[in-house]
*Asks:* 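Can you keep this structure in mind? I'll have questions shortly.
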Amino acid sequence: MARIRKIVLLVSVLSVAAAHAFGQSAVPTTSIPDFSGMWAHASIPGFEPLASGPTSLTNRSRRNGLSNLAQLVGDYTNPVLKPEAAEIVKQHGQMSLTGFGYPTPRNQCWPGGVPFVLPTNGLQIFQQNGRITIVYAVDHQIRRVRMNDRHPARLTPSWYGDSVGHYEGDTLVIDTVGIKIGPFAMIDWFGTPHSPALHVVERYRLLSYEAAKDGLDRDAKENATGRTPETGIEPFGMDPGYRGKYLQLLVTVDDTGVFTQPWSATVTYGRPFGEWLELVCAENPRKYGSEKDVQVPTADKPDF
């Protein structure tokens with residue numbers, strides 16, 4: 001009996017060794033979830049505040065119980081804000097209350113950066129070997145995520161930072177640092193600033209409609225959509241009858257120069273209602289009407 005046990009053990013050891021020799025795993029691996037395709041998120045300002053714990057800012061100005069898009073007054077009393085950051089948010093809110101649309105990356109045609117770009121109208125994900133490419137519906141903004149890699153020791157800040165990703169079971173995790181501070185840089189539509197210490201972690205999962213409904217309900221409670229009264233259709237709208245898999249992002253934002261602690265929020269995406277229209281900010285620089293002329297970014301020479 002003892003000899004049989006030794007033979008069984010030897011066979012097991014040799015099997016594991018053979019599996020490694022041929023680049024195979026002795027343990028079955030979890031298949032990579034398919035996040036590819038177009039995903040819609042039509043509501044703005046966009047982040048879905050969590051029901052409890054440190055979370056994103058909400059709009060103090062309400063209209064029919066929802067965020068008043070004509071007055072973006074961030075809740076400067078949110079305890080995640082340090083005093084200096086709270087004062088900046090308050091100043092932006094005061095400008096908005098006077099009818100002045102203060103400059104943001106979106107209305108000035110500048111790169112949104114992370115996490116500002118995350119709750120934008122929609123995105124398309126391309127999963128490729130060794131990397132993921134994300135294209136955002138507004139202004140053709142593009143991010144590239146290196147998979148199973150590390151941040152370099154010396155990092156030059158860029159608009160979307162240095163993003164590295166990996167899979168944790170059914171979750172895509174993206175870690176981003178080195179986000180450049182531009183002239184209109186902000187975390188959200190309320191003017192929340194950020195510092196060079198900004199660190200953003202994104203966790204994407206596919207959920208059933210029933211599981212995603214909590215995020216959809218929190219979104220409907222806080223945010224408004226771009227639905228037009230004439231057609232009832234939202235540009236970049238989410239298909240209301242879709243009951244397949246939804247994509248939910250749980251984002252955690254940490255910046256010791258601005259926040260008292262890390263905070264989290266979700267963004268829940270569904271499949272789009274129809275085809276997306278091309279949206280180029282620089283081709284319509286006066287579309288909002290309340291801002292000064294758009295300061296479209298220009299360059300006298302390449303920055304690469």
Side-chain angles (χ1 to χ4, degrees), residues 41 43-61 67 71-96 102-106 108 110-120 136 141 143 145 151 155-165 171 173-204 215 218-219 221-223 248-268:
H41 181 263
S43 53
I44 48 180
F47 287 119
E48 302 155 2
L50 301 182
S52 61
T55 192
S56 55
L57 271 62
T58 57
N59 193 351
R60 292 170 65 95
S61 178
S67 178
Q71 294 180 342
L72 296 176
V73 186
D75 184 7
Y76 49 84
T77 66
N78 189 320
V80 303
L81 293 172
K82 288 188 172 182
E84 297 85 356
E87 183 59 30
I88 292 174
V89 172
K90 185 176 182 179
Q91 290 172 3
H92 279 83
Q94 290 171 340
M95 284 190 286
S96 189
Y102 52 79
T104 71
R106 182 155 172 164
Q108 296 299 303
W110 281 71
V114 179
F116 185 93
V117 74
L118 299 180
T120 193
Y136 293 93
Q141 300 182 73
R143 292 177 65 198
V145 181
H151 297 298
L155 186 61
T156 300
S158 58
W159 294 118
Y160 301 98
D162 185 73
S163 295
V164 295
T171 302
V173 182
I174 300 177
D175 187 289
T176 303
V177 295
I179 300 164
K180 185 175 181 177
I181 301 177
F184 310 111
M186 54 185 66
I187 293 286
D188 51 31
W189 284 39
F190 304 118
T192 307
H194 70 81
S195 79
L198 178 60
H199 179 199
V200 180
V201 178
E202 302 153 66
R203 302 180 67 88
Y204 293 88
R218 284 185 284 108
D219 180 69
K221 181 180 178 181
E222 176 57 31
N223 298 311
Q248 188 172 82
L249 159 65
L250 174 65
V251 58
T252 299
V253 179
D254 188 14
D255 189 335
T256 55
V258 173
F259 302 115
T260 59
Q261 60 186 317
W263 57 267
S264 299
T266 59
V267 181
T268 306

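FYI, the numbering just counts along the sequence from 1.
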*Asks:* Determine whether S67 and T58 make a side-chain contact, defined as any pair of heavy atoms from C-beta on separated by less than 4.5 Å.
*Replies:* no
*Asks:* Indicate yes or no: at least one non-hydrogen side-chain atom of P119 is less than 4.5 angstrom from one of I44.
*Replies:*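 They are not in side-chain contact.
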*Asks:* Test side chain to side chain contact (heavy atoms under 4.5 Å, CB included) on T77 and R60; report intermediate values, then the result.
*Replies:* CA-CA 10 Å; T77 66; R60 292 170 65 95; 3.7 Å; yes
*Asks:* With T55, which residues qualify under side-chain contact (heavy atoms from CB on, under 4.5 Å), at least two apart?
*Replies:*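 So T55 forms a side-chain contact (heavy atoms from CB on, under 4.5 Å) with P49, L50, A265.
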*Asks:* How close do A197 and T256 get, heavy atom to heavy atom, and via which atoms?
*Replies:* CB-OG1, 3.8 Å
*Asks:* Under a 3.5 Å threshold, yes or no: a donor from one side chain and an acceptor from the other, between Q91 and Y102?
*Replies:* no
*Asks:* What closest approach, in Å, do L250 and S264 show between heavy atoms, and which atom pair accounts for it?
*Replies:*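 Distance-wise, the nearest heavy atoms are CD1-CB, 4.1 Å.
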*Asks:* Say whether, by atom type as modelled, one donor and one acceptor occur between the side chain of H199 and the main chain of D254 under 3.5 angstrom.
*Replies:* no
*Asks:* Drop me the distance from F190's CZ to L72's CG, to the nearest 0.5 angstrom.
*Replies:* 6.0 Å
*Asks:* Can you give me the closest heavy-atom contact between I187 and P193, atom names plus distance?
*Replies:* CG1-O, 3.4 Å
*Asks:* Atom CD in Q94, atom OG in S96: separation rounded to 0.5 Å?
*Replies:*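 The distance works out to 11.0 Å.
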*Asks:* Could you walk me through whether H92 and Y76 satisfy the side chain to side chain contact (heavy atoms under 4.5 Å, CB included) test, starting with their C-alpha distance in whole Å, then the side-chain angles of each, then the deciding distance to 0.1 Å, before giving a yes or no?
*Replies:* CA-CA 10 Å; H92 279 83; Y76 49 84; over 6 Å; no
*Asks:* Hey, what do you get for CG (L57) to OG1 (T192), rounding to the nearest 0.5 Å?
*Replies:* 4.5 Å
*Asks:* Please examine the side chains of P45 and D188, heavy atoms only from C-beta on, and report whether any two atoms are closer than 4.5 Å.
*Replies:*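 No; the side chains remain at least 4.5 Å from each other.
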*Asks:* Just checking, any donor-acceptor pair under 3.5 angstrom between side chains of H194 and D255?
*Replies:*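 Side-chain D/A pair, H194 to D255: absent.
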*Asks:* Looking only at side-chain N and O atoms, does T268 offer a donor or acceptor that is under 3.5 Å from a partner on D219?
*Replies:*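 No - no donor-acceptor pair under 3.5 Å links their side chains.
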*Asks:* To the nearest 0.5 Å, what is the distance between NZ (K180) and OG (S158)?
*Replies:* 8.5 Å
*Asks:* How close do I179 and V200 get, counting heavy atoms only, and between which atoms?
*Replies:* CD1-CG2, 4.2 Å
*Asks:* Got a sec, which residues hit salt bridge (charged side-chain N to carboxylate O under 4.0 Å, His left out) with E48, two or more places apart in sequence or on another chain?
*Replies:*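 Applying salt bridge (charged side-chain N to carboxylate O under 4.0 Å, His left out) to E48 gives none.
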*Asks:* Kindly compute the distance separating CG (L118) from OG1 (T266), expressed to the nearest 0.5 Å.
*Replies:*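 Separation between the atoms: 12.0 Å.
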*Asks:* Knowing that exactly one of Y160, W159, Y136 qualifies, which makes a side-chain hydrogen bond (donor to acceptor under 3.5 Å, both in side chains) with Q141?
*Replies:* Y160
*Asks:* Which heavy-atom pair separates G46 from N223 by the least distance, and what is that distance?
*Replies:*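 Residues G46 and N223, closest heavy atoms: N-OD1, 3.2 Å.
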*Asks:* Are the side chains of T104 and F184 in contact, using a 4.5 Å heavy-atom criterion?
*Replies:* no
*Asks:* Name the one of H151, E202, R143 that satisfies side-chain hydrogen bond (donor to acceptor under 3.5 Å, both in side chains) with S163?
*Replies:* R143
*Asks:* Short question: side chain of N59, backbone of G74 - any donor-acceptor pair under 3.5 Å?
*Replies:* no
*Asks:* In Å and rounded to the nearest 0.5 Å, what is the CG to CZ distance from D175 to R203?
*Replies:*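 Separation between the atoms: 11.0 Å.
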*Asks:* Using 30° and 60° as the class limits, which term best fits the ring planes of F47 and W263: parallel, tilted or perpendicular?
*Replies:* perpendicular
*Asks:* Minimum heavy-atom separation for S195 to V258, with atom names?
*Replies:* N-CG2, 4.0 Å
